[in-house]
Amino acid sequence: MRRGIGRIVGGRIHAVRFPRSTRRPLSIVPRPALLAERLRGARIDAVERHGKRIAIGLEPAGPERAPRWLVIEPRMTGLLLLVPPPTADHLRMELDVGDRPCHRLRFWDQRGLGTIRLVDAAGLERACGAAKLGVDGLVVTAAELGRVLGGSRRAIKVALLDQRAVAGIGNIYAAEILHRAGIDPRTPCRRLVADDWERVAAAARGILAAAVDHEGSSIGDELYRTADDRKGSYQRLHRVYGLAGTPCRRCRTPIERIVQAQRSTFFCPVCQPRRRRAPPRRSR
DNA sequence: CGTTCAACCTGGGCGC
DNA sequence: TGCGCCCAGGTTGAAC
């Protein structure tokens with residue numbers, strides 16, 4: 001997503017519209033009219049990704065106004081598009097970026113669970129700083145995972161979704177990472193040893209890098225699209241996510257689906273074997 | 001500390 | 001065809 005909209009950097013915001021903003025919630029702070037006023041005339045200096053959030057750096061028009069950041073959290077169905085969205089419905093915001101090949105950025109969100117916030121530097125730190133987001137999954141190391149999760153009793157799958165522990169991993173990639181690492185998603189973190197963390201970290205970096213290369217996962221025929229409204233292709237490389245009942249690509253055992261923390265978890269019971277408890281110490 | 005549930009929303013799919 | 005469920009790439013806060 002960040003790569004797709006990176007070319008808006010250097011543009012200036014000429015106009016802001018909220019074509020559907022009166023009918024639905026979707027958290028926009030400040031309220032649309034005020035946000036539009038604050039954005040108008042600002043120059044776009046940066047587009048950054050922090051975990052699953054996008055932060056657009058702005059140099060406001062007025063001479064003494066401090067830099068601002070437009071922090072966008074797409075959540076389940078939010079998309080940033082440089083082309084017209086599939087339908088006008090659910091479109092929440094349009095930035096007219098001006099004198100650019102692709103001069104309009106739109107935030108389109110079918111379910112409306114996404115959020116848009118305009119913040120200052122301190123607000124960016126609050127929304128995307130180390131207190132909120134751990135090391136990014138694209139670059140996380142075994143040592144870092146062991147440090148933040150090693151003592152936890154939580155199941156590894158649930159822990160990988162904790163953005164404060166490690167940033168940027170969602171339900172699809174948590175499942176894919178653990179399949180590649182060969183670890184049962186129910187394993188308590190504290191039962192993992194150094195070699196396990198090496199495999200989890202390497203799998204996280206590898207899976208996420210490949211998913212970015214393939215422009216994400218577009219499952220079925222709706223929802224996630226690139227900034228120019230193309231499907232991603234990583235779904236073709238999924239080994240477990242959404243594949244319950246189909247044979248594991250590695251061992252032919254049917255993939256299983258369970259629920260953890262109210263989210264689906266997919267895994268192969270053979271490639272990701274249940275771990276025996278540490279053997280009871282025997283004294284005699 | 002960790003888990004569970006509800007809430008925020010729309011829409012597709014399925015069984016009856 | 002229509003209705004009532006269940007499900008969905010996420011996050012947060014309350015209750016236990």
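Naming: A, B, ... by sequence-line order, numbering from 1 per chain.
- Side-chain atoms of A:Ser264 and A:Arg257 form a donor-acceptor pair, as typed in the model, at a separation below 3.5 Å.
- In this structure, A:Leu70 CG and A:Ile13 CD1 are separated by 7.0 Å, a value rounded to the nearest 0.5 Å.
- The side chain of A:Arg75 places no N or O atom within less than 4.0 Å of a non-bridging phosphate oxygen (OP1 or OP2) of B:dT10.
- Between A:Lys132 and the phosphate of C:dT11, there is no side-chain N or O to OP1/OP2 separation shorter than 4.0 Å.
- Contact annotation: A:Arg263 side-chain N/O to C:dG9 OP1/OP2 distance is under 4.0 Å.
- As a whole-Å value, the separation of A:Leu223 CG from B:dG12 P is 9 Å.
- The side chain of A:Lys52 places an N or O atom within less than 4.0 Å of a non-bridging phosphate oxygen (OP1 or OP2) of C:dG10.
- Distance check: A:Thr187 OG1 to A:Ile156 CD1 gives 8.0 Å after rounding to the nearest 0.5 Å.
- Atoms CD1 and CZ, on A:Ile183 and A:Arg191 in that order, are 12.5 Å from each other to the nearest 0.5 Å.
- We find that CZ of A:Arg257 is positioned 10 Å from C1' of C:dA8, with the value rounded to whole Å.
- Remark: the separation of the P atoms in C:dC5 and B:dA6 is 15 Å, to the nearest Å.
- Distances were taken from every side-chain heavy atom of A:Tyr241 (C-beta onward) to each of B:dT10, C:dG9, C:dT11; the shortest belongs to C:dG9.
- Residue A:Leu113 places its side chain closer to C:dG10 than to any other of C:dG10, C:dC7, C:dG9.
- In terms of phosphate contacts, A:His90 brings a side-chain nitrogen or oxygen within less than 4.0 Å of OP1 or OP2 of B:dG11.
- The distance from atom CZ of A:Arg186 to atom P of B:dT3 is 14 Å, rounded to the nearest whole Å.
- The partner of C:dC6 is B:dG12, judged by Watson-Crick or G-U wobble contacts that both fall below 3.5 Å.
- Summarising the geometry, the separation between CD on A:Gln110 and P on B:dC8 is reported as 18 Å, rounded to the nearest angstrom.
- Listed nucleotides B:dC9, C:dG9, C:dC7 differ in distance to A:Tyr224; the shortest reach to its side chain belongs to C:dG9.
- Of all nucleotides listed (B:dG11, C:dG9, B:dC9), C:dG9 comes nearest to the side chain of A:Asn171.
- Counting any heavy atom pair closer than 4.0 Å across all strands shown, A:Gln262 reaches a base atom.
- C:dG9: glycosidic angle within 90° of 0, hence syn.
- The nucleotide whose nearest atom lies closest to any side-chain atom of A:Arg53 is, among C:dG9, C:dT12, B:dC9, C:dT12.
- Nucleotide C:dA8 holds its C1' atom 15 Å from the OH atom of A:Tyr173, rounded to whole Å.
- Heavy atoms from other residues, nucleotides or ligands lying under 6.0 Å from CZ of A:Arg65 number more than 12.
- When each of A:Gln235, A:Lys231, A:His238 is checked for a side-chain hydrogen bond (donor to acceptor under 3.5 Å, both in side chains) with A:Ser217, only A:His238 meets the rule.
- Aromatic rings of A:Tyr241 and A:Tyr234 (six-membered ring for Trp) have centroids beyond the 6.0 Å cut-off, not under it.
- The distance from atom CZ of A:Arg111 to atom C1' of B:dG12 is 12 Å, rounded to the nearest whole Å.
- Atom CE in A:Met1 sits about 13 Å away from atom C1' in C:dG10, given to the nearest Å.
- For the P atoms, the distance from C:dC6 to B:dC5 is 14 Å, rounded to whole Å.
- In this entry B:dC5 has C:dG13 as its Watson-Crick or G-U wobble partner, both defining distances falling under 3.5 Å.
- Contacts of residues 151-164 of chain A with DNA chain C (heavy atom under 4.0 Å): A:Gln163.
- Taken to the nearest 0.5 Å, the CH2 atom of A:Trp108 stands 13.5 Å off from the CD atom of A:Glu94.
- Remark: C1' of B:dC8 and CD of A:Glu73 are 13 Å apart, rounded to the nearest angstrom.
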